[in-house]
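Have a look at the structure below before the remarks.
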Amino acid sequence: MQLSRNMGINLNLFIYLVLILCSYGGQARELAGTENKPLEISLEDGLTETHAMDHSNKLGHSSHSHAHFTSMDHLDPSLMVFFTLKDLKVGKRMAIHFPKRDPANSPKLWPREEADAVPFSSNQLPYLLKLFSFSPHSSQATAMENTLKECESKPIKGEVKFCATSLESMLDFTHSILGLTSEPQVFATLHQTKSSVTFQNYTILETLMEIPAPKMVACHTMPYPYAVFYCHSQESGNRVYRVSLVGENGDRVDAMVVCHLDTSQWAPTHVSFQVLKISPGTSPVCHFFPADHLIWVPKLHAQGSSSM
Ligand SMILES: *[C@@H]1O[C@H](CO)[C@@H](O)[C@H](O)[C@H]1NC(C)=O
């Protein structure tokens, strides 16, 4: 599937980033449900949901918060997205957290001209809080500050990162990583059923797709008054999968998974190691992507589904 190029023109009123599927064989149709149906991806939920912050933190690699842990045995359910590569197999059952978000509360994706006209810097925070009418000690102010700090933090070795405040800047970054010669393709988790359950056991039914992705860009939504994506790319090997999941209540999810083969450069305090009780570099770490986060890879040629 490919992000329609002319989308960039009409961004002003966007609540949804609409991704148009281009067909590359039966696989694309399977993913879309119906042929040529646009896949709608809701963007970041509002600043009212504090979990959004946890979310971006845990999938980024530069922050190492312990705040999620009340005790080592009591993990915040929102951290239940990590697993090791050996568990990526048909029939495997695991507890997974998929946040459900109300698109009505989602910050809008701004056009580049508007986003570029507003400073995006933690030393401008007092000005920004006034601009968005948040009081200095509100949870929104804290979330904005955290997002700015996360965006300003140095990448780890072998990582390139960028916070995109518009679709245009996200595409520019993606092109710079994937190369200008290849058309970028975007993937996201798709919920096939509507449900209010956000945390339950799911069983892997099948692998819909395996994308060998030496080059990929993952973009995670961040809590902010307008849509901000924390995009990053790691030099070391990644694998991208699309798997079909069924929940205990019958929910169906076509979920995107990224597996990082080399985690030796990650901080020992990275939340995934605490969840999985492993050390850096000892095992590939995989994680599920929530529906409003994006995975960009160079355009694939027609391929069938693979089995594990
Ligand atoms: C998943 O299943 C296990 C064992 O069957 C159970 O102990 C656990 O509470 C379940 N988790 C969720 C989130 O339902």
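Atoms within a ligand are numbered from 1 in the order they appear, just like the ligands themselves.
- Pairing each heavy atom of Gln200 with each of Asn249, the nearest pair is NE2-OD1, 3.0 Å.
- A disulfide bridge connects Cys219 to Cys231: their SG atoms sit within less than 2.5 Å of one another.
- Atom 12 (C) of ligand 1 has its closest protein heavy atom at Asn201 ND2, 3.5 Å.
- Polar contact check, Arg93 against ligand 1: a nitrogen or oxygen pair lies under 3.5 Å apart.
- In this structure, a donor-acceptor pair under 3.5 Å is present between the side chains of Glu152 and Ser122.
- Relative ring orientation between His287 and His220 is described as tilted, the plane-to-plane angle lying within the 30° to 60° band.
- By the definition of a contact as any protein heavy atom under 4.0 Å away, atom 7 (O) of ligand 1 is not in contact.
- The shortest contact between atom 13 (C) of ligand 1 and any protein heavy atom is with Phe199 CE2, 3.6 Å.
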